[in-house]
Protein chains: 2
Amino acid sequence: MPVTIKDVAKVAGVSPSTVSRVISNHPRISPKTAAKVKRIMIEMGYHPNMVAKSLVSKKSNTLGVILPRPAEELFLNLFFSEFIRGIVTQATRQGYDLLMSSGTTESEEMEAITRFVKGRRVDGVILLSSKKNDPTVKFLREQNFPFILIGRSDEHADVLSVDNDNVQAAYDVTKYLISLGHERIGFVSGPPQLVVSQDRLEGYKKALKESNLPMKSHWIVEGEFLQESGYRAMSMIMNLADRPTALIITDDLVAYGVVRGITELGYQVPDDISLFSFNNISISELTTPPLSSVDIGIYQMGYTASQALLRNIQEDQHDQRRIVIPHRLIIRQSCAKMNSQERS
Amino acid sequence: MPVTIKDVAKVAGVSPSTVSRVISNHPRISPKTAAKVKRIMIEMGYHPNMVAKSLVSKKSNTLGVILPRPAEELFLNLFFSEFIRGIVTQATRQGYDLLMSSGTTESEEMEAITRFVKGRRVDGVILLSSKKNDPTVKFLREQNFPFILIGRSDEHADVLSVDNDNVQAAYDVTKYLISLGHERIGFVSGPPQLVVSQDRLEGYKKALKESNLPMKSHWIVEGEFLQESGYRAMSMIMNLADRPTALIITDDLVAYGVVRGITELGYQVPDDISLFSFNNISISELTTPPLSSVDIGIYQMGYTASQALLRNIQEDQHDQRRIVIPHRLIIRQSCAKMNSQERS
DNA sequence: CTGAAAGCGCTTACAG
DNA sequence: CTGAAAGCGCTTACAG
């Protein structure tokens with residue numbers, strides 16, 4: 001039988017209300033009783049029942065996250081560790097825990113969110129997906145429940161969210177390759193329905209247009225966030241008569257497949273083709289040669305998401321901004337300078 | 001204002017008790033009232049307050065995990081994703097959620113566990129660490145609270161746990177290398193205070209002794225679970241007059257550093273030296289050449305941990321077994337066969 | 001088959 | 001400064 005406030009009160013010879021006030025450091029309590037009650041709490045090994053506390057206070061001191069379902073598992077898996085760590089670190093620092101569940105189907109996902117929100121188990125929700133037409137976003141808005149979206153939502157532009165400026169990031173990468181003298185630049189993209197894919201492609205196109213460089217549709221390959229995707233793309237790309245001298249790749253793991261494909265076809269990076277990828281997960285510095293990659297600040301995204309959501313919860317003034325996490329181009333050895341005779 | 005059982009009762013013209021019984025599918029309720037109440041619940045958008053439910057039922061339907069603190073962060077980080085996914089998948093399947101927190105110091109860790117356990121927020125705890133003299137293990141035993149340990153505990157042998165047979169795994173790897181003709185086999189180990197390091201080293205020694213092969217202490221290097229560790233070890237190892245022809249490495253990431261070191265020194269894998277590592281995380285198939293590695297079933301460990309813990313909670317018969325997850329040697333291209341003239 | 005009542009362990013006006 | 005009482009939203013003997 002765990003010890004309750006009542007037990008402590010009895011031993012201390014005070015009322016339960018007084019014990020409760022001591023716990024919450026109520027100002028109008030005599031230092032003497034406070035000291036006594038505190039001593040007895042420790043002696044008896046008292047610890048408040050958070051569930052009971054939560055029931056009356058209507059606060060859980062908990063944030064909720066739903067794991068992405070299988071379809072996007074792979075993409076998110078790579079980030080997952082760093083991301084969750086960022087979320088938990090900041091949440092813990094502010095005295096919040098993290099409640100997690102996963103949904104295999106969309107309806108299971110909705111069920112989990114409902115359980116969290118209507119079951120009063122969390123004070124706020126972090127949404128990992130940025131799909132079009134997401135019913136969870138709709139639900140949370142209807143409930144007027146605090147939440148933050150990772151990524152961008154086109155339908156719900158006025159929602160609290162953290163994201164990268166993926167258009168700008170891809171633009172920056174493209175411009176960098178152009179500055180090295182590349183004129184034929186290809187793009188190995190991710191699933192076209194994802195906002196992140198669309199944004200990066202847009203930045204790439206913008207940079208090419210601005211520099212008056214050609215943009216051929218057969219230089220753009222769409223795939224999954226899988227090594228295989230990159231690998232397979234190469235047999236096509238490398239056999240092109242007008243093949244690109246540089247490739248932008250939407251993810252490090254995909255880039256790894258690209259490197260493998262290129263190597264197997266007997267070509268060299270960066271001598272035959274330059275590569276620049278995204279996400280800067282640990283793999284990117286482990287390839288031969290080490291890959292240049294865009295660091296999108298995954299840990300910081302998680303950290304910031306927690307922080308912004310908690311502010312919303314605590315100040316109860318639902319600000320609806322979009323927070324942009326800065327990106328950084330990490331230059332390694334996968335890009336070569338072009339000199340003019342090679343350009344033909 | 002969320003709708004409560006009382007609200008539903010009022011509209012349905014029954015008592016709250018009846019509504020409660022309908023929700024829990026109590027047998028002695030007329031199908032007619034049941035149907036009516038259910039209809040009204042849906043109409044009113046009723047969802048039970050899990051906190052209130054938890055207070056009276058004394059069940060939270062939640063498992064707790066504490067994230068490892070920084071010291072071991074890196075080692076566990078690599079597994080983390082897969083591991084948590086295994087835990088969550090199985091927990092969700094059985095209707096449980098996962099509550100997470102992290103502690104930077106040992107006392108913060110204890111605080112988090114206490115909050116979970118004494119605060120009645122979880123029904124069981126999964127312990128990720130397998131340190132010596134772990135106060136959290138002691139606490140949970142004293143509280144007689146359901147928990148499962150990942151790894152092995154020497155002081156607490158009679159505790160529910162999931163682990164690999166690391167002695168056997170290292171033994172198997174060593175025997176495999178011996179079968180290829182290697183006679184000088186080195187070991188790049190992890191932090192010596194970790195049980196996993198000790199176990200693997202033991203299996204390695206056992207196999208060598210059994211085959212009457214030499215075991216020199218300068219063939220054994222202890223380090224961290226970091227790429228740098230492996231990298232640094234190589235300048236020493238490769239300059240040995242009697243340098244090993246094969247190396248067992250405690251982790252894929254460390255092995256990556258080893259490959260880098262070997263390559264920079266102008267040697268080749270597996271021609272100059274064979275490598276076999278542990279954990280089989282995604283990196284291992286991405287190196288050049290692809291690394292042979294021991295698959296220790298990380299996802300399955302998480303999955304099994306959830307499952308065993310939940311059985312303990314639900315059947316309330318605290319069985320205290322040690323569950324061993326089988327390992328598999330994944331043979332790739334990093335080990336060469338030795339022929340006799342090379343052996344000298 | 002159903003309801004009234006007590007209680008889970010807390011908090012917090014209200015009163016003194 | 002402190003206590004008695006009501007209540008958070010549920011469950012569950014007990015009685016009928």
Side-chain angles (χ1 to χ4, degrees), chain A residues 1-38 40-41 44-62 95 114-123, chain B residues 1-38 40-41 44-62 95 114-123:
Chain A
M1 251 334 21
V3 14
T4 70
I5 260 190
K6 261 188 180 167
D7 302 326
V8 175
K10 207 164 291 169
V11 174
V14 296
S15 76
S17 338
T18 301
V19 177
S20 172
R21 289 194 183 99
V22 170
I23 294 167
S24 56
N25 286 314
H26 191 102
R28 281 205 296 271
I29 215 91
S30 87
K32 215 175 115 194
T33 14
K36 185 180 176 191
V37 170
K38 272 178 186 160
I40 293 175
M41 289 198 308
M44 300 181 72
Y46 171 78
H47 189 283
N49 181 323
M50 301 315 275
V51 175
K53 185 171 181 165
S54 183
L55 179 60
V56 19
S57 71
K58 291 173 184 326
K59 283 185 179 52
S60 62
N61 274 264
T62 303
T114 309
R115 199 172 54 238
F116 282 8
V117 172
K118 296 199 140 191
R120 299 281 138 189
R121 302 202 55 194
V122 301
D123 298 336
Chain B
M1 256 328 28
V3 13
T4 72
I5 261 190
K6 260 188 179 167
D7 302 325
V8 175
K10 206 164 290 170
V11 174
V14 297
S15 77
S17 337
T18 301
V19 177
S20 173
R21 290 197 182 96
V22 170
I23 293 168
S24 56
N25 287 314
H26 190 102
R28 281 206 295 272
I29 215 90
S30 87
K32 215 175 113 193
T33 15
K36 185 180 173 191
V37 170
K38 274 179 186 160
I40 292 175
M41 288 198 310
M44 299 181 70
Y46 172 78
H47 188 282
N49 180 324
M50 301 315 275
V51 175
K53 186 170 181 167
S54 182
L55 179 60
V56 21
S57 70
K58 291 173 185 326
K59 281 182 182 54
S60 61
N61 275 264
T62 303
T114 309
R115 200 172 53 236
F116 282 8
V117 172
K118 296 202 140 190
R120 300 280 137 188
R121 301 204 54 193
V122 302
D123 298 336

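Chain letters run A, B, ... following the sequence lines, proteins first and then strands; every chain starts at 1.
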Restricting to side-chain contact (heavy atoms from CB on, under 4.5 Å), what partner residues turn up for [X], sequence neighbours left out?
X	answer
B:V3	B:D7, B:V8, B:M44, B:Y46
B:K6	B:T4, B:P16
A:K36	A:R39, A:I40
A:K10	none

B:K118 side chain to A:G45 main-chain N or O, any donor-acceptor pair under 3.5 Å?
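Yes, because the side chain of B:K118 sits within donor-acceptor range (under 3.5 Å) of the backbone of A:G45.
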
Reading DNA chain C in the 5' to 3' direction, which nucleotide is the first one with an atom under 4.0 Å from a heavy atom of chain B, and which is the last?
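Range of nucleotides touched by chain B: C:dC1 to C:dG9.
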
Partner residues of [X] under the side chain to side chain donor-acceptor pair (under 3.5 Å) criterion, sequence neighbours left out:
X	result
B:S17	B:S15
A:S54	none
B:R121	A:T62, A:D97

What parts of residues 8-37 of chain A reach DNA chain D, counting only heavy atoms under 4.0 Å away?
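Correct list: A:V14, A:S15, A:S17, A:T18, A:R21, A:R28, A:I29, A:S30, A:T33.
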
In whole Å, measure the gap between the C1' atoms of D:dT12 and D:dG16 for me.
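Per the computed distance, 16 Å lies between those C1' atoms.
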
At what distance, to the nearest 0.5 angstrom, does CZ of A:R120 lie from CZ of A:R115?
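Separation between the atoms: 15.5 Å.
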
Side chain to side chain donor-acceptor pair (under 3.5 Å) partners of residues 21-33 of chain B, not counting sequence neighbours, each pair once
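The answer is B:S30-B:T33.
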
In dot-bracket form, 5' to 3', how is DNA chain C paired? Count Watson-Crick and G-U wobble pairs only if both distances fall under 3.5 Å, and write | where the partner sits on another strand.
|||.||||||||.|||

